[in-house]
Amino acid sequence: MKKIVFDNVSKIYGDDESRAIVALDRASLEIEQGEFIGIIGPSGSGKSTFLSIAGALIKPTKGKVLINGKDISTLPEKELANVRLNEIGFILQTSNLIPYLSAVDQLILVKDMKGKISQEDREKAIGLLKDFGLVDRLNHYPNALSGGERQRIAVARAFMNDPEIILADEPTASLDTKRGYEVMDLLAKQAKQHNKAVVLVTHDERMLSHCQRVIVMTDGKLIER
Amino acid sequence: MHKNANLENDWRMMMFLGLRELKGSKLRYALMLAVVTLIAWLVFFLVGMADGLTEETASVFENTPADYYVFSTKSENVFSKSLLEKNIIDDLKRIKGVEAASYLSYTPATIFNSKQEKLETSLFSIDEKGFITPAIIEGKALADVSIHGVVVDSRLKADGYKLGDSFIVEGYDQPLKIEGITEGYAYLYQPVVFVHNQTWQGIRFAENDKKAGLIDPMSVAVIKGGEGLEPTITSSLGGVNVLSKKAVISKIPGYTQMDVSIKGMAWFAMVIAGLVLAVFFYVLTLQKTNQFGMLKAMGASNIYLMKSVITQVMVITISGVVLAVVLSYAIAAMIPPGTMPFKLNVTLVIGYSVAMIVIAFLSSLLSLLHITKIDPLQAMGRMA
């Protein structure tokens, strides 16, 4: 089943024709379940816009976007929040952990946003943290963890709600090469194990080794490599 | 059992983010809790003081079950100036709507104990068999005391008076003996001494005054009856003014001004508490803009984030108010009786507590508004 469908999608900032900025230019793309896709391109090429639309944060100006079968261009903001919560796992440049939550609670928080927390959620959080090699860090707070550990928690958190799609925005940008590889290996392994579609946006070509497809973005256009 | 477990879960769910943050930044929130507690304490202290003071000045009327007071027109509604003849009571009883009528006589009196120590009191005489007889806590009721016996308010104990003591009233040659003690009666910050009406007449009128030419005089008539009786009485009887209990109390010199100014201070303090809370949580929310944006990007709804802020505001305010109530009652219990006018009225304590909680909730609105304006897109770290 197709998890992300971009059909001739454009995002244009500004109303004035002469000064309008075309951040995404008639982009079309289909991503299947379990696919691992890399997107590279120079800064300003529209990677973030692509990710923001794929992540249901903004709506396209033109074209149709399906996220796990839902057309997000017609959904109200409240529904978009639900799509983000249930269909998408976000991994951002910096780990963006909440300073006053322990590692386990960082993951449980995602369940709490959905409504209820049960004992199973706690067990699931612990299981995920184990998978990411953090079994002895369960009750640590972010300030007591290394950058690599924090980013692994952020990746584990993206899996917590069992979303169909994982979107990673430069997840290794704040890490050194060794830690970066570690995080990428874990992400790829878990994505494969749970059959998730992953979109990895990066400008670091070395991080593309796990990608089945690589797409280059230039001036808002998507070009398959 | 099962239902309880569910409730607990709901509770926990609502508090998850908010409570964990309280735990994580203890110092910050403890300081805020201290501010709320101290201000709430100040509020209860002011309210208690206002009530204590108004009791000292008006309790004789607050605790007397009369609905109306009838003054002579020449008195300008001042108790010490009003004089009526006792037979007016029979006329009053005949008026439709009057359930009971009796009298109340007043004069300020300076008394001296055996050591010649001076004390200002408010001397009242009432119909000892009428409907406004004070309840006795020690000794005899007014109806049973001897002709020169009196019933005094328990406040006199703080000045060393006790049951069986005698004292002299300035300008009256017969010593009076304390034969009964009541409580809760003060007027114009002076404890009340209840005497027989003859004694009152003897003290009120100098011997050559011949009772101002009146037959069996008294100060005012008191009436029990339904609402809106004033015009009926004034039109049936000439030469009288009728005031409701509420009007009488509010006309006691300084009563309204004091009550309004002290309670005004309490409201000011509460508004200040609200503003401090508003600023504190607004600044915290501004500081957490990125964090909230990130949570929104992860799918948190506005309501979810709002709940976390409301939880924190409520936990701090309710804890602060509860602490302040405990402190206030502790202080009230520590004040020796008769030394300081301070009284905590449960209804007022609850009322002001609720008011503070409502104000605290309103103070969080600024933060809630900011939350709705946070754009999840900023979590991307750079705008596209």
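Below, chains carry the letters A, B, ... as their sequence lines are ordered, and counting in each starts from 1.
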Enclosure of [X] [atom1] (heavy-atom neighbours >12, cutoff 6.0 Å):
X      : atom1 : value
B:E227 : CD    : no
A:D71  : CG    : yes
A:K64  : NZ    : no
A:H194 : NE2   : yes
B:F361 : CZ    : no
B:Y189 : OH    : yes

request  = Taking heavy atoms only and a threshold strictly under 4.5 Å, list by residue number the residues of residues 21-51 of chain B that touch chain A; give 'none' if the list is empty.
outcome  =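 From residues 21-51 of chain B, the residues near chain A are B:E21, B:G24.
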task = With a 4.5 angstrom heavy-atom cut-off, could you sort out which part of A:L109 is near chain B: side chain, backbone, both or neither?
result =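 Both the backbone and the side chain of A:L109 come within 4.5 Å of chain B.
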ask   = Given that the side chain runs from C-beta out, which part of A:N161 has a heavy atom under 4.5 Å from chain B: side chain, backbone, both or neither?
value =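 Looking at A:N161, nothing touches chain B.
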request  = Write down the atom of A:D112, the atom of B:F16, and the distance for their closest heavy-atom approach.
outcome  =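 The answer is OD2-CB, 3.1 Å.
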query = For A:L92 and B:M294, which heavy atoms make the closest approach, and how far apart are they?
reply =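 A:L92 and B:M294 have their closest heavy atoms at CD1-CG, 3.8 Å.
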request  = Quick one: list whatever passes salt bridge (Lys or Arg N to Asp or Glu O under 4.0 Å) with A:E120, sequence neighbours left out.
outcome  =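 Residues passing salt bridge (Lys or Arg N to Asp or Glu O under 4.0 Å) with A:E120: none at all.
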message = Tell me every residue that passes salt bridge (Lys or Arg N to Asp or Glu O under 4.0 Å) with A:D204, counting only those two or more places apart in sequence or in another chain.
response =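 Residues passing salt bridge (Lys or Arg N to Asp or Glu O under 4.0 Å) with A:D204: A:R206.
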Partner chain B: residue of A:D105, A:L97, A:L24 with the largest heavy-atom pair count (under 4.5 Å) =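 Sorted descending by pairs with chain B, the first entry is A:D105.
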request  = Dump the intermediate steps for side chain to side chain contact (heavy atoms under 4.5 Å, CB included) on B:L17 and A:L101, then the final yes or no.
outcome  = CA-CA 8 Å; B:L17 194 60; A:L101 292 184; 4.3 Å; yes
message = Do A:S102 and B:R20 make a side-chain contact, defined as non-hydrogen atoms from C-beta onward lying under 4.5 Å apart?
response =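 Heavy-atom side-chain distance check fails, nothing below 4.5 Å.
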Output a table of donor-acceptor pairs, distance under 3.5 Å, between side-chain atoms of residues 80-87 of chain A and any protein atom two or more places apart or on a different chain; print 'none' if there are none.
unit_1: A:R84; atom_1: NE; unit_2: B:K296; atom_2: O; d: 2.9
unit_1: A:R84; atom_1: NE; unit_2: B:A297; atom_2: O; d: 3.4
unit_1: A:R84; atom_1: NH1; unit_2: A:A56; atom_2: O; d: 2.9
unit_1: A:R84; atom_1: NH2; unit_2: A:E77; atom_2: OE2; d: 3.4
unit_1: A:R84; atom_1: NH2; unit_2: B:K296; atom_2: O; d: 3.1
unit_1: A:N86; atom_1: OD1; unit_2: A:K114; atom_2: NZ; d: 3.3
unit_1: A:N86; atom_1: ND2; unit_2: A:N82; atom_2: O; d: 3.1
unit_1: A:E87; atom_1: OE1; unit_2: A:N68; atom_2: ND2; d: 2.8
unit_1: A:E87; atom_1: OE2; unit_2: A:K70; atom_2: NZ; d: 2.8

ask   = Which value, rounded to the nearest 0.5 Å, describes the distance between B:S301 atom OG and A:K78 atom NZ?
value =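 If I round to the nearest 0.5 Å, the distance is 7.5 Å.
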inquiry  = Measuring from atom CD1 of A:I98 to atom CG of B:L295, what distance do you get when rounded to the nearest 0.5 angstrom?
reply    =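 Here the interatomic distance stands at 4.0 Å.
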